[in-house]
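Here is the structure we will look at, set down as structure tokens.
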Protein chains: 4
Amino acid sequence: MAKSVNKVILLGNVGKDPEFKMLPSGQGVANFSIATAERFKDKGGEWQERTEWHNLVAYARLAEIIRDYVKKGTKLYVEGRLTTRSWDDKESGKKVYRTEVVMSELSLLSGRGEGDGGSGGNYSRSSSSAASSSSFDQRPSGSPDDYAHSTEITDDDIPF
Amino acid sequence: MAKSVNKVILLGNVGKDPEFKMLPSGQGVANFSIATAERFKDKGGEWQERTEWHNLVAYARLAEIIRDYVKKGTKLYVEGRLTTRSWDDKESGKKVYRTEVVMSELSLLSGRGEGDGGSGGNYSRSSSSAASSSSFDQRPSGSPDDYAHSTEITDDDIPF
Amino acid sequence: MAKSVNKVILLGNVGKDPEFKMLPSGQGVANFSIATAERFKDKGGEWQERTEWHNLVAYARLAEIIRDYVKKGTKLYVEGRLTTRSWDDKESGKKVYRTEVVMSELSLLSGRGEGDGGSGGNYSRSSSSAASSSSFDQRPSGSPDDYAHSTEITDDDIPF
Amino acid sequence: MAKSVNKVILLGNVGKDPEFKMLPSGQGVANFSIATAERFKDKGGEWQERTEWHNLVAYARLAEIIRDYVKKGTKLYVEGRLTTRSWDDKESGKKVYRTEVVMSELSLLSGRGEGDGGSGGNYSRSSSSAASSSSFDQRPSGSPDDYAHSTEITDDDIPF
DNA sequence: TTTT
DNA sequence: TTTT
């Protein structure tokens, strides 16, 4: 009896541009990580900060939203559930574990033009390419963005 | 700007009796794991159940409550935060990761006399020792419990 | 941009047997309330307890589960979202507000035989005596419930 | 047995500039409301949006942070607990209820210079005073703010 | 690897 | 009363 609960709530910043893959089944998968920071007092009574990194996975539609709108530096609110996969390391033969958060909810918190590693706030990457570009992922990260006219995305651009 | 959030909520059953250790600092630490179960439909449309195991850690007062009241089979509600520790495996030299939930809140959900994996036991182990025994931890796990008369704990026995 | 979040998590005990109604649409609705307790220190440094009551609403399948398995005293874990309805009081003409939690998840935490306000009861209301309970008889799922001998429900009895 | 849980998680936008009051005890209180939006399909299968308003209260330090950094339009992540106060309406004599979320955690999600409803974007009140004024709290609320030149706050300005 |  |  009693259904169990397995819920994770994270609010933090994306470390690197997400990876997006299409499974043979045709379902998309996005992988990336986000950082959260905790403050604590060390033994000397000084405030320290520790960064925690969380591995995230998303499937299907959520994976596509991530592919299209999430990049390095984006601030996100995420809900999901904890999963731990394990396999045998090929070299050592030892069991290896990897814990991930399988996402179920996402809220994009970086404003338009925010959430960029500093190069000038171009959500155009996602906005422009979101519409059309499946070759988007191949674009070298950091390449010039020639959609300078569309540096803003409007609400209507975001299909969720 | 923007404080981050790192929150885990779990409701599930304890896998084995928790381990309790006293750190050199005099602070207690409890380690154990709980299971949650997800239901999902497999490709054939059949309902399957997958069990997920979560590593939990608690410190200080929470560790002592766990030592005294939690055992194999206990149903728990837990809040905490995700942390991942890593170290180099001595044999292979490879980096190893272990993700744990550091507990901040606990609610014991097994009724009196419940929460036992089937071996007949009950809360008496904790109830009796809660009252009196700080040497409780040294008691070999599995030792006979001779407090058969006190198989019930009342709310007043629980100091939290 | 940014999807909003409206989430409530409650763990507490049911105050009275839930009310169940069938809407004209054929959809069921369950209404009940649960209590949570907070401890706080008063000005004199004494620990006090304050009970908070929460109005819950559930629809459809969740409403039926509640009708069948939840009663006065049952301990529940609930997830839901906050909603506030308002209307004009007929007598005074003043606007009246009522905030409720619309349930999306439920975990029944009272063990078999627990969750009763003290009368020694058990799940019989839902399992066996479900049939005999007053307002309960509107139940369309109709099966006469004459299993008076089966005052225990097993996990297999619960269809969720 | 079993501690209860009473937790609310909200992510939404502030409706109006918060009200801040100092209690006779010297403790500050902030009151404001935030909106969340739900999407649902109506009977005709069309997507509709419903806005839900939540009353928030914060005390002490959190109240001061809100006074200093939160205003109309600010996007917030909030954790808190549900409380319902009641009193007798003076005119009708009827019992009136008001449900509020007592805040325990806050994350400011509006970027610098964002979160303004259009009326002039003055984070300056907080930015300027945050930067320089430790006597800020004594400043009569509503006094002119002549730091118009510092409309940006940097991360270092925010003491939390 | 992020961010403040 | 907000925001997308």
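A note on names: the letters A, B, ... follow the listed sequences, proteins ahead of strands, and every chain is numbered from 1.
For Tyr59(C), the side-chain contact (heavy atoms from CB on, under 4.5 Å) test picks out Gln27(C), Val29(C), Val57(C), Val102(C), with sequence neighbours left out. Scored by the side chain to side chain donor-acceptor pair (under 3.5 Å) test, Asp42(A) finds Gln48(A) as partners (sequence neighbours excluded). Residues passing the side-chain contact (heavy atoms from CB on, under 4.5 Å) test with Asn6(D), sequence neighbours excluded: Leu10(C), Thr36(C), Glu38(C), Glu52(C), His54(C), Arg81(D), Leu82(D). Taking the salt bridge (Lys or Arg N to Asp or Glu O under 4.0 Å) definition, one finds that Glu79(C) meets it with Lys7(A), Lys7(C), sequence neighbours left out. Qualifying side-chain contact (heavy atoms from CB on, under 4.5 Å) partners for Val96(A), counting only residues two or more places apart in sequence or in other chains: Trp87(A), Asp89(A).
Between the side chain of Ser86(C) and the main chain of Lys95(C), no donor-acceptor pair closer than 3.5 Å is present.
Following rounding to the nearest Å, Asn13(A) (CG) and dT2(E) (P) show an atom-to-atom distance of 10 Å. As a whole-Å value, the separation of Glu19(A) CD from dT2(E) P is 15 Å. The separation between Tyr77(D) atom OH and dT3(E) atom P is 21 Å, rounded to whole Å. Between the CG atom of Leu109(A) and the P atom of dT2(F) there is a distance of 20 Å, rounded to whole Å. Summarising the geometry, the separation between CG on Leu82(B) and P on dT2(E) is reported as 21 Å, rounded to the nearest angstrom. Rounded to an integer number of Å, the gap from NZ of Lys75(A) to P of dT3(E) is 9 Å. Distance Leu10(D) CG to dT1(F) P: 20 Å, rounded to the nearest Å. Between Ile34(D) atom CD1 and dT3(F) atom C1' there is a gap of 11 Å when expressed in whole angstrom units.
When the nucleotides dT1(E), dT1(F), dT2(F) are ranked by their closest atom to the side chain of Lys16(A), dT1(E) comes out on top. Nearest to the side-chain atoms of Ser33(D) among the listed nucleotides dT1(F), dT1(E), dT2(E) stands dT1(F).
Residue Lys72(D) places no side-chain N or O under 4.0 Å from the OP1 or OP2 atom of dT1(F).
Contacts with DNA chain E (heavy atom under 4.0 Å) in residues 45-59 of chain A: Glu49(A), Thr51(A), Trp53(A), listed by number.
Judged by the 6.0 Å distance and 45° axis criteria, Arg98(A) is not positioned over the aromatic ring of Tyr97(B).
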